[in-house]
Novice: 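Before we start, here is the structure in question, set down as structure tokens.
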Amino acid sequence: MKKSLLLCTTLVPLILYLFASCDNSKNITEADSVFEENPTTIAWSQDKSSDKITSYQTDVQVYRMNSREDTGLKLSDKYKMSVKMIDNVQYTRIDMVADSDGVYRSVLSDGEDLIICNTQTNDELLRINVSDKNNSSLRMFGGDNLGFGKIDIENVKSEAYRLSLDLSENTESSLLTLSLPQSMLVLGYGEKSIKSTISYDVSEEVVKEVETVTVMDDETVVTSTLCPVYEDYEGTPVKIGTIFTINTQMAENVGEMPDKSMVYESMDDIPEISDEEFEAMQEAGNIYEDSSITFGDPANLSNIETVVELYTNIEINQTEDSVFKLLFDGE
């Protein structure tokens, strides 16, 4: 069963992993091909007596593309992600590839503290407090499988009612939609929430989509949509990646393009020349490579950014507590 976000140097955006088919058809088709061409493996611990996921570890490949600049998704980053629930506290670790100086760094968090350390020496480079009451509130709606498996739909309903949140259910489409208030969101300066929803597939018992629409001070509208990709493992849905799109629509152009004839909406709009014409222009010194072409009107900065995270070599319920030792040492 397959259905159809990205990491900063802090784990604050990791809340997106806890939630997760989008209508950006071109981008989603492109993203689906990443999963089709790179099948993952899932190894569950020998004791699979239940669908409960208490730890999740995987190698992550990050692919990106921008509708104004790219013609396809390109591999941009790799890292290893480990998540485990220990004594009702969710611990997360990200092991990054070596930087330009050959240094490997890891980022660890328990929702209260965030640590950046040297992966090879375990030397602590930075420790900051990142506690946010909204994170724990939102985590309730990601399910008790660390956000990587089935969702307890009845628990989502009871929590929504307890917090007096808007909840609607469409029995025909088997879709349950939860609306989040602005007070539960982490917004940037000058940013206002218009809409934020989490949608659940009731029949499959998984998160279907998370969508947030915000408007900036300059009236730019940003629609962020997080989509999960699941694979069936012995009758249990397991998340094997995410598709994250950021649709930015500018309210006004930054200028005016005087020559509209040079505006290309796609590669198909770029005129072709014969080999003979190319060779003649090359001999005359009139050929040069331009890798920075912008599709669409350069004066209009609207764009769609797509980020695909592919999880490979997934290990479930096999991660040792020692992976998060630095966080325990600080207690």
Novice: Run the side chain to side chain contact (heavy atoms under 4.5 Å, CB included) check on Leu175 and Val202 step by step: do they pass?
Specialist: CA-CA 6 Å; Leu175 191 67; Val202 177; over 6 Å; no

Novice: What residues form a side-chain hydrogen bond (donor to acceptor under 3.5 Å, both in side chains) with Asp321, not counting sequence neighbours?
Specialist: Lys84

Novice: Is it the case that the side chains of Glu315 and Asn313 hold a donor-acceptor pair, with the cut-off being a distance below 3.5 Å and no angle test?
Specialist: no

Novice: If we only count heavy atoms from C-beta on, is the Leu165 to Leu178 side-chain gap below 4.5 Å?
Specialist: yes

Novice: Checking the side chain of Asp166 only, and the main-chain atoms of Ser179 only, is there a donor and an acceptor separated by less than 3.5 Å?
Specialist: no

Novice: Under the side-chain hydrogen bond (donor to acceptor under 3.5 Å, both in side chains) test, which residues partner Asn300, sequence neighbours left out?
Specialist: Ser302

Novice: I need the minimum non-hydrogen distance between Asn38 and Val34, along with the two atoms involved.
Specialist: ND2-O, 2.8 Å

Novice: Please list, chain by chain and in numerical order, all residues satisfying side-chain contact (heavy atoms from CB on, under 4.5 Å) with Arg68, sequence neighbours excluded.
Specialist: Asn66, Thr294, Asn303

Novice: For the residue pair Lys239 and Ile314, what are the closest heavy atoms and their distance?
Specialist: O-CD1, 3.8 Å

Novice: Parallel, tilted or perpendicular: which fits the ring planes of Tyr311 and Tyr56, with parallel below 30° and perpendicular above 60°?
Specialist: perpendicular

Novice: Should Val60 and Lys80 count as side-chain neighbours, where that means a heavy-atom distance under 4.5 Å?
Specialist: no

Novice: To the nearest 0.5 Å, tell me how far Asn122 CG sits from Glu124 CD.
Specialist: 10.0 Å

Novice: For the side chain of Asp201 and the backbone of Ser203, is there at least one donor-acceptor N/O pair under 3.5 Å apart?
Specialist: yes

Novice: Give me the atom names and distance for the closest heavy-atom approach of Ile243 to Ala31.
Specialist: CD1-CB, 3.7 Å

Novice: Contact between Thr223 and Thr212 at the side-chain level, heavy atoms closer than 4.5 Å - yes or no?
Specialist: no

Novice: Would the number of heavy atoms belonging to other residues, nucleotides or ligands and lying under 6.0 Å from CD of Glu320 be above 12?
Specialist: no

Novice: Heavy-atom distance under 4.5 Å between the side chains of Ile53 and Lys150, does that happen here?
Specialist: no

Novice: Return yes if a side-chain donor-acceptor contact under 3.5 Å exists between Ser106 and Thr119, otherwise no.
Specialist: yes

Novice: Examine Leu185 and Leu226 and state if one hydrophobic cluster contains both, with Ile, Leu, Val, Met, Phe, Trp and Tyr joined whenever side-chain heavy atoms are less than 4.5 Å apart.
Specialist: yes

Novice: For side chain to side chain contact (heavy atoms under 4.5 Å, CB included), just list the numbers for Tyr200 and Ile153, CA-CA rounded to whole Å, side-chain angles, deciding distance to a tenth of an Å, and then say yes or no.
Specialist: CA-CA 8 Å; Tyr200 303 87; Ile153 300 297; 3.9 Å; yes

Novice: Are the side chain of Ser76 and the backbone of Val62 linked by a donor-acceptor contact shorter than 3.5 Å?
Specialist: yes

Novice: Say whether Leu326 and Phe328 are linked into one hydrophobic cluster, either directly or through other cluster members, by side-chain heavy-atom distances under 4.5 angstrom.
Specialist: yes

Novice: Side chains of Met81 and Val83: does their closest heavy-atom pair fall under 4.5 Å?
Specialist: yes

Novice: When rounded to the nearest 0.5 angstrom, what is the spacing between CG in Leu187 and NZ in Lys192?
Specialist: 11.0 Å

Novice: With side chains defined as the heavy atoms from C-beta onward, is the minimum distance between Asn145 and Lys52 less than 4.5 Å?
Specialist: yes

Novice: Answer yes or no: is there a donor N or O on one side and an acceptor on the other, between the side chain of Asp110 and the main chain of Glu112, under 3.5 Å?
Specialist: yes

Novice: Between CD of Glu305 and CD of Glu69, what distance do you get to the nearest 0.5 Å?
Specialist: 7.5 Å

Novice: For the pair Ser224 (side chain) and Ile246 (backbone), establish whether a donor and an acceptor sit closer than 3.5 Å, ignoring hydrogens and angles.
Specialist: no

Novice: For Ser82, what residues pass the side-chain hydrogen bond (donor to acceptor under 3.5 Å, both in side chains) criterion, not counting sequence neighbours?
Specialist: Gln57

Novice: Val89 and Ile115: same hydrophobic cluster, using ILVMFWY side-chain contacts below 4.5 Å?
Specialist: yes

Novice: Determine whether a donor-acceptor pair (N or O, by modelled atom type, separation under 3.5 Å) exists between the side chain of Arg105 and the backbone of Ile116.
Specialist: no

Novice: For Phe324, enumerate each residue passing the ring pair (Phe, Tyr, Trp, His ring centres under 6.0 Å) test, keeping only those at least two apart in sequence or located in another chain.
Specialist: Tyr91

Novice: Begin from the C-alpha positions of Tyr63 and Gln61 and carry the test side chain to side chain donor-acceptor pair (under 3.5 Å) through to its verdict.
Specialist: CA-CA 7 Å; Tyr63 296 81; Gln61 297 177 7; 2.7 Å; yes

Novice: Quick check: is Leu126 connected to Val130 through a chain of hydrophobic side chains (ILVMFWY, heavy atoms under 4.5 Å apart)?
Specialist: yes

Novice: Does any N or O in the side chain of Ser109 come within less than 3.5 Å of the main-chain N or O of Gly111, such that one atom is a donor and the other an acceptor?
Specialist: yes

Novice: Check Tyr233 against Val238 and note the closest heavy-atom contact, atom names and distance.
Specialist: CB-CG2, 4.1 Å

Novice: Gln182 side chain to Ser196 main-chain N or O, any donor-acceptor pair under 3.5 Å?
Specialist: no

Novice: Quick one: does Asp232's side chain have a donor or acceptor within less than 3.5 Å of a partner on Gly235's backbone?
Specialist: yes

Novice: Please lay out, stage by stage, how Thr92 and Leu108 fare under the test side chain to side chain contact (heavy atoms under 4.5 Å, CB included).
Specialist: CA-CA 6 Å; Thr92 303; Leu108 298 87; over 6 Å; no

Novice: Asp59 and Thr312: side-chain donor and acceptor closer than 3.5 Å?
Specialist: no

Novice: Does the Asn118 side chain pair with the main chain of Gln120, one donor and one acceptor, at a distance under 3.5 Å?
Specialist: yes

Novice: How far apart are the C-alpha atoms of Leu176 and Lys157, what are their side-chain angles, what is the distance that settles it, and do they pass the side chain to side chain contact (heavy atoms under 4.5 Å, CB included) test?
Specialist: CA-CA 9 Å; Leu176 182 71; Lys157 291 180 180 179; 4.1 Å; yes

Novice: Without hydrogens or angle criteria, can the side chains of Glu191 and Thr214 be said to hold a donor-acceptor pair below 3.5 Å?
Specialist: yes

Novice: Do the side chains of Thr197 and Leu180 get nearer than 4.5 Å, heavy atoms only?
Specialist: no

Novice: How long is the gap from CD on Gln282 to CD on Glu279, to the nearest 0.5 Å?
Specialist: 7.5 Å

Novice: Between Val213 and Val221, is any pair of side-chain heavy atoms under 4.5 Å apart?
Specialist: yes

Novice: For residues Ile304 and Val215: do they belong to one hydrophobic cluster (side chain heavy atoms under 4.5 Å, members Ile, Leu, Val, Met, Phe, Trp, Tyr)?
Specialist: no

Novice: Counting only heavy atoms not in Glu252 (residues, nucleotides, ligands), do more than 12 fall under 6.0 Å from its CD?
Specialist: no

Novice: Can you name the residues that form a side-chain hydrogen bond (donor to acceptor under 3.5 Å, both in side chains) with Lys195, not counting sequence neighbours?
Specialist: Glu211

Novice: With rounding to the nearest 0.5 Å, note down the distance linking OG1 in Thr248 to CE in Met250.
Specialist: 8.0 Å

Novice: How long is the straight-line distance from CD of Glu37 back to CG of Leu73, given to the nearest 0.5 Å?
Specialist: 10.0 Å

